[in-house]
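Shown next, in structure tokens, is the structure this report addresses.
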Amino acid sequence: MVATDGTERSTRTAPANAGVPAKPSLDGIEARWSAVWQDEGTYAFDRTAERGQVYSIDTPPPTVSGSLHVGHVFSYTHTDVIARYQRMRGREVFYPMGFDDNGLPTERRVQNYFGVRCDPSLPYDPDFTPPAKPGKEQLPISRRNFVDLCEQLTLEDEKGFEELWRRLGLSVDWSRTYATIDTGARAVAQRAFLRNLARGEAYLAEAPTLWDVTFRTAVAQAELEDRERPGAYHTLAFPRPDAAAEPVIIETTRPELLPACVALVAHPDDPRYQALFGQTVRTPLFDVEVPVVAHRLADPEKGSGIAMICTFGDLTDVIWWRELQLPARAVVGRDGRLVTEAPAAITSESGHGHYAELAGKTVHSARVRIVELLTESGALRGEPRPISHPVKFYEKGDRPLEIVTTRQWYIRNGGRDESLRADLRARGGELRWHPEYMRVRYENWVDGLNGDWLISRQRFFGVPFPVWYPLDAEGTPRHDEPIVPDEASLPIDPSSDVPPGYTAEQRGMPGGFAADPDVMDTWATSSLTPLIASGWESDPDLFARVFPMDLRPQAHEIIRTWLFSTVVRTHAEFGVLPWSNAAISGWILDPDRKKMSKSKGNVVTPMAILEELGSDAVRYWAASGRPGTDTAYDVGQMKTGRRLAIKILNASRFALGLTTDAASGGATSAGEGPAAQAAGIPPATPADAAAPAPRAARSMTAPVSEPLDRALLAALAEVVDAATTALDGYDYARALELTESFFWRFCDDYVELVKGRAYGSFGPAGADSARATLTVALSALLRLFAPVLPFVTEEVWSWWQDGSVHRATWPDAAEIRKLADGGRPELLDAVGAALSGVRRAKSAAKVSMKAEVAQARIAGDADTVALVDAAAADLRSAGGIQELTLDPTATGDLTVDVTLA
RNA sequence: GGGCGCGUAGCUCAGCGGGAGAGCGCUCGCCUUACAAGCGAGUGGUCGCAGGUUCGAUCCCUGCCGCGCCCA
């Protein structure tokens with residue numbers, strides 16, 4: 001028969017049984033089914049679906065400059081399980097894939113890979129080719145050449161990623177990929193920025209900024225981390241103007257900032273310093289007069305309770321400087337060295353002399369030298385006292401951050417506006433979190449914001465700000481009058497594109513224009529992934545069908561960055577949440593309970609393990625990890641998954657064999673009995689009717705008459721209900737556990753019990769009942785397993801069903817329950833316990849399980865024994881029991897006394 | 001320092017007011033025509049510690065100890 005798409009599919013159309021291989025195997029199923037899914041468009045998004053029918057996913061774009069590790073496999077599997085479940089529930093799943101190629105990690109990788117570095121002052125070289133091997137010295141190249149290399153390398157990386165994802169079986173629509181630096185993403189990032197700017201949510205400000213001196217870029221609060229570092233308290237004496245008065249003693253960990261000192265500060269209630277407030281002191285060495293001021297943030301417990309305020313040693317300095325309106329005397333430059341020119345406040349000759357000793361030195365060297373100078377002058381009291389204290393670092397950097405005053409773009413995020421902060425906090429409350437307790441991470445973060453979101457980065461590979469500045473007659477940029485492009489022209493690069501109303505010759509000329517030199521923070525682009533993937537402003541029809549999205553899956557450590565920033569952007573643009581659900585995955589830990597990360601060198605490459613054990617096995621492990629819970633990398637669990645997959649192959653082969661071996665009653669065509677409905681087999685079409693109907697389907701017209709069969713189906717219906725509830729709550733692990741444990745009972749007890757009857761030992765009615773039950777149960781089990789084990793379930797499905805299991809409907813508990821017709825799940829437990837008792841006796845006697853039992857006597861309470869009695873014939877058959885006696889008079893647990901033959 | 005999560009069998013983890021569970025491991029057995037990459041049976045835990053609530057606590061409350069993470 002020819003399938004609807006025109007391809008030959010012999011396994012689906014041959015006479016019964018021919019589709020079931022004699023020796024089923026997992027070998028090669030990943031490649032085989034990935035290709036079929038691709039060819040048949042199994043996961044293609046139907047963009048005619050209405051919004052209510054769509055389930056849309058804001059997939060995390062992995063950073064292509066890194067490599068995928070098992071942590072990715074872990075969390076992406078979780079999302080895929082949900083996607084597959086929703087698809088089977090009848091939702092049209094919008095599941096795109098992005099690649100994050102934007103930003104510093106890519107720059108670093110390109111530098112190392114090609115042995116180059118970006119020098120923006122160089123002109124573009126159209127003939128440039130990178131050296132075959134990176135040389136010792138990094139080759140300086142132009143910005144455009146550098147960006148070309150970034151794009152070249154990330155394209156290769158993307159290919160490798162896609163190959164792995166396909167192998168893993170992600171049900172992504174691969175026709176819908178994006179990269180965070182591609183044309184569409186740049187246009188979205190620039191458009192969103194221009195809208196922020198127009199509404200006043202984006203603004204340019206010259207302000208003290210956390211600065212990484214290695215990368216020479218500003219960094220945002222969200223990218224900070226505290227690291228414990230050794231330091232030392234230095235006790236310094238500040239002389240009073242009245243030389244006779246006692247000097248003021250302060251303690252500082254950063255004596256090199258003494259030339260930047262603008263005041264001393266103590267707590268307003270501190271009795272020790274009441275008399276000093278309003279007075280002045282003079283800085284040692286530099287002899288600058290500074291006031292003693294009061295501020296609540298001065299900690300009376302810390303050091304001597306009085307501190308020096310420098311511009312700027314830390315973020316508290318910035319607060320003091322701003323709130324107390326102190327002058328700026330910056331000494332640390334963007335390169336992390338003390339600037340050449342002494343602050344103007346230093347006027348004395350000796351002050352200049354001392355400063356000259358420090359100028360040009362790194363912060364570290366300056367500290368060493370100033371300690372010597374302070375010691376010589378006598379201002380340093382005692383020895384420095386070593387301490388350990390938290391120091392702020394850029395999370396990707398390895399030198400402490402400095403604070404320098406620079407001009408930067410900011411986006412309002414509630415950090416300086418209580419009403420916006422409250423609104424954004426409320427958005428977090430609106431979002432459904434899985435697991436629920438992850439919400440507090442969001443709230444902690446919002447509550448702790450101390451400023452707006454700084455989005456400028458002084459880097460090369462990123463989305464440029466779509467902004468130029470007019471130059472006045474002296475050639476000085478007018479930062480207060482930025483020139484912006486039309487939205488229609490986006491994306492633009494202001495360093496090569498010319499603003500409206502100007503000519504290219506005017507670039508950099510007085511009266512002309514200059515480009516904003518910076519690029520946006522990667523999060524400024526990543527925060528727009530729901531808009532990039534949905535075709536915001538470029539495909540309004542698609543956008544209306546998929547946005548706001550249903551799900552954001554992501555890791556917990558980027559709630560403050562990715563999740564929060566996305567909420568900020570859509571709140572500003574649309575006044576809505578970007579998605580209704582956030583599923584937060586945990587981390588992968590190595591067997592020593594350490595987080596797996598590249599820097600720890602304990603990362604496992606996923607492709608090897610996928611090839612060794614199969615994708616379903618690895619997915620099984622991933623899906624066993626509870627939502628949000630950190631999970632150990634566990635090869636043993638993967639092996640269990642592989643065994644499960646093999647078991648599904650074998651059990652399916654057997655069950656399908658049982659349902660087709662013996663001649664069966666009716667000759668009706670497939671898909672018309674009630675069991676056929678419950679098994680998910682569609683009604684026959686005219687084309688199908690011409691072909692021989694699989695016998696598996698024929699027996700499904702038979703009624704499920706036996707109590708044991710009804711019990712099995714009743715239990716199955718309960719499992720379907722519970723698994724459905726679990727998946728609706730994003731608890732894929734619970735759903736898997738329920739399905740798996742039912743499946744083992746199905747194999748070990750039910751199938752063993754009905755084997756004889758299904759072969760026809762007790763006549764056609766009993767056989768048909770068993771076969772119908774096996775078929776219904778197998779069909780439902782395959783579909784329950786399908787989201788977690790897409791390959792093996794598709795393989796088995798193809799033996800006897802049309803179409804993909806991944807487009808089949810999710811099992812319907814009500815239909816199964818109807819077939820069960822009042823069957824009692826406890827019957828299965830009771831008969832299972834009886835069978836177990838018989839096995840125990842054989843095991844204890846060390847005889848084969850097929851050994852005959854002369855007599856078995858089963859005692860228990862009347863109800864339980866009656867249940868066993870209802871399946872007595874199957875029990876006798878499965879246990880090889882010649883004489884079965886039932887005693888319904890006992891109390892307590894079922895007991896089984898066995899006399900072997 | 002504040003917040004959140006977690007401490008249950010040798011290991012990995014479920015359970016979360018009335019019988020302490022699964023998988024792996026280990027022991028013993030079985031070539032049983034679906035499966036020996038299998039099957040059957042068994043072994044194994046004062047459920048972190050100390051109080052409290054309750055007729056009853058692994059489960060709820062309080063405190064403590066340990067581990068992890070987030071935030072300062």
Side-chain angles (χ1 to χ4, degrees), chain A residues 20-27 221-222 224-226 299 301 314-316 389-390 392 433 435-450 555-561 584 586-587 589 591-595 612-614 617 620-621 624-658 661 726 731 733-734 736-738 740-741 744-745 747-749 751-752 755 758-759 774 778 796 835-851 878-880 892-893:
Chain A
V20 182
K23 188 77 186 167
S25 157
L26 297 177
D27 290 345
Q221 185 187 354
L224 302 187
E225 63 184 35
D226 283 349
D299 183 357
E301 304 293 316
D314 61 27
L315 291 174
T316 315
H389 63 152
K392 295 215 180 300
W433 297 77
E436 164 65 34
Y437 61 75
M438 289 294 178
R439 182 196 315 278
V440 301
R441 306 237 178 161
Y442 177 96
E443 291 169 348
N444 279 352
W445 175 250
V446 175
D447 294 347
L449 286 169
N450 58 26
H556 52 66
E557 82 272 20
I558 52 173
I559 289 173
R560 64 175 179 168
T561 47
I584 309 297
W587 279 335
L589 309 175
D592 296 331
R593 313 288 314 162
K594 295 273 177 358
K595 183 194 172 189
E612 185 190 340
L613 295 172
Y620 171 87
W621 158 74
S624 307
R626 252 68 198 171
T629 306
D630 294 347
T631 301
Y633 180 75
D634 185 351
V635 175
Q637 185 72 352
M638 296 179 198
K639 288 183 175 165
T640 302
R642 183 173 175 84
R643 278 183 209 123
L644 174 63
I646 292 170
K647 188 78 177 178
I648 289 171
L649 283 181
N650 287 316
S652 301
R653 177 170 102 84
F654 184 62
L656 291 173
L658 281 178
D661 273 350
D731 193 348
R734 175 88 186 132
L736 171 59
E737 188 188 13
L738 289 161
E740 188 188 6
S741 92
W744 285 109
R745 280 215 298 162
C747 290
D748 295 343
D749 292 346
V751 171
E752 292 300 328
K755 243 182 209 175
Y759 274 130
L774 285 166
L778 181 63
V796 172
L835 181 60
S836 183
V838 174
R839 286 168 172 161
R840 191 179 303 119
K842 292 180 182 179
S843 193
K846 302 191 178 181
V847 298
S848 160
M849 284 299 144
K850 70 179 178 188
D893 290 344

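Numbered from 1 within each chain, the chains take letters A, B, ... in sequence-line order.
- Taking for each of A:Lys23 and A:Asn450 the nucleotide of RNA chain B with the nearest heavy atom, the 5'-most of the two is the partner of A:Lys23.
- Applying the side chain to side chain donor-acceptor pair (under 3.5 Å) rule to A:Asp226 yields the partners A:Lys392; only residues at least two apart in sequence or on another chain are considered.
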Nucleotide-resolved protein contact map, nucleotides 5-11 of chain B, B/S/- at heavy-atom distance under 4.0 Å
S------
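- Taking atom P in both B:G17 and B:C60, one finds a spacing of 7 Å when rounded to whole Å.
- Remark: A:Gln221 pairs with no residue by the side chain to side chain donor-acceptor pair (under 3.5 Å) rule, at least two apart or across chains.
- Taking A:Ser848 as the reference, A:Lys850 meet the side chain to side chain contact (heavy atoms under 4.5 Å, CB included) condition, with sequence neighbours excluded.
- Applying the side chain to side chain contact (heavy atoms under 4.5 Å, CB included) rule to A:Asp634 yields the partners A:Trp621, A:Gln637; only residues at least two apart in sequence or on another chain are considered.
- Neither OP1 nor OP2 of B:U12 sits under 4.0 Å from any side-chain N or O of A:Tyr620.
- Residue A:Arg653 holds its CZ atom at 15.5 Å from CD1 of A:Ile648, rounded to the nearest 0.5 Å.
- B:G42 and B:A57: their P atoms are spaced 30 Å apart (whole Å).
- Residues satisfying the side chain to side chain contact (heavy atoms under 4.5 Å, CB included) test with A:Ala841, not counting sequence neighbours, are A:Val898.
- Residues satisfying the side chain to side chain contact (heavy atoms under 4.5 Å, CB included) test with A:Arg643, not counting sequence neighbours, are A:Lys639, A:Thr640.
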Test salt bridge (Lys or Arg N to Asp or Glu O under 4.0 Å) on A:Lys647 and A:Glu740 and set out the steps.
CA-CA 11 Å; A:Lys647 188 78 177 178; A:Glu740 188 188 6; over 6 Å; no
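- Comparing A:Thr629 and A:Thr640 by the nucleotide of RNA chain B whose heavy atom lies nearest to each, the residue mapping closer to the 5' end is A:Thr629.
- The separation of B:U32 from B:G40, taken at their C1' atoms, amounts to 10 Å, rounded to a whole angstrom.
- Nucleotides B:C59 and B:G68, compared at atom P, are 24 Å apart to the nearest Å.
- A donor-acceptor contact under 3.5 Å is formed by the side chain of A:Glu752 with the base of B:A34.
- Helical stems involving RNA chain B, defined as 3 or more consecutive Watson-Crick or G-U pairs under 3.5 Å, span B:1-7 with B:65-71, B:10-13 with B:21-24, B:26-30 with B:38-42, B:48-52 with B:60-64.
- The residue A:Gln637 sits apart from the nucleic acid: no heavy atom pair falls under 4.0 Å.
- Under the salt bridge (charged side-chain N to carboxylate O under 4.0 Å, His left out) criterion, A:Asp749 pairs with A:Arg839, not counting sequence neighbours.
- Applying the salt bridge (charged side-chain N to carboxylate O under 4.0 Å, His left out) rule to pairs touching residues 436-445 of chain A yields A:Arg425-A:Glu443, A:Glu436-A:Arg439, sequence neighbours excluded.
- A:Tyr620 is linked by a ring pair (Phe, Tyr, Trp, His ring centres under 6.0 Å) to nothing, counting only residues two or more places apart in sequence or in another chain.
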Could you run down nucleotides 37-43 of chain B 5' to 3' and tag each one B, S or - for protein heavy-atom contact under 4.0 Å?
BSSBSS-
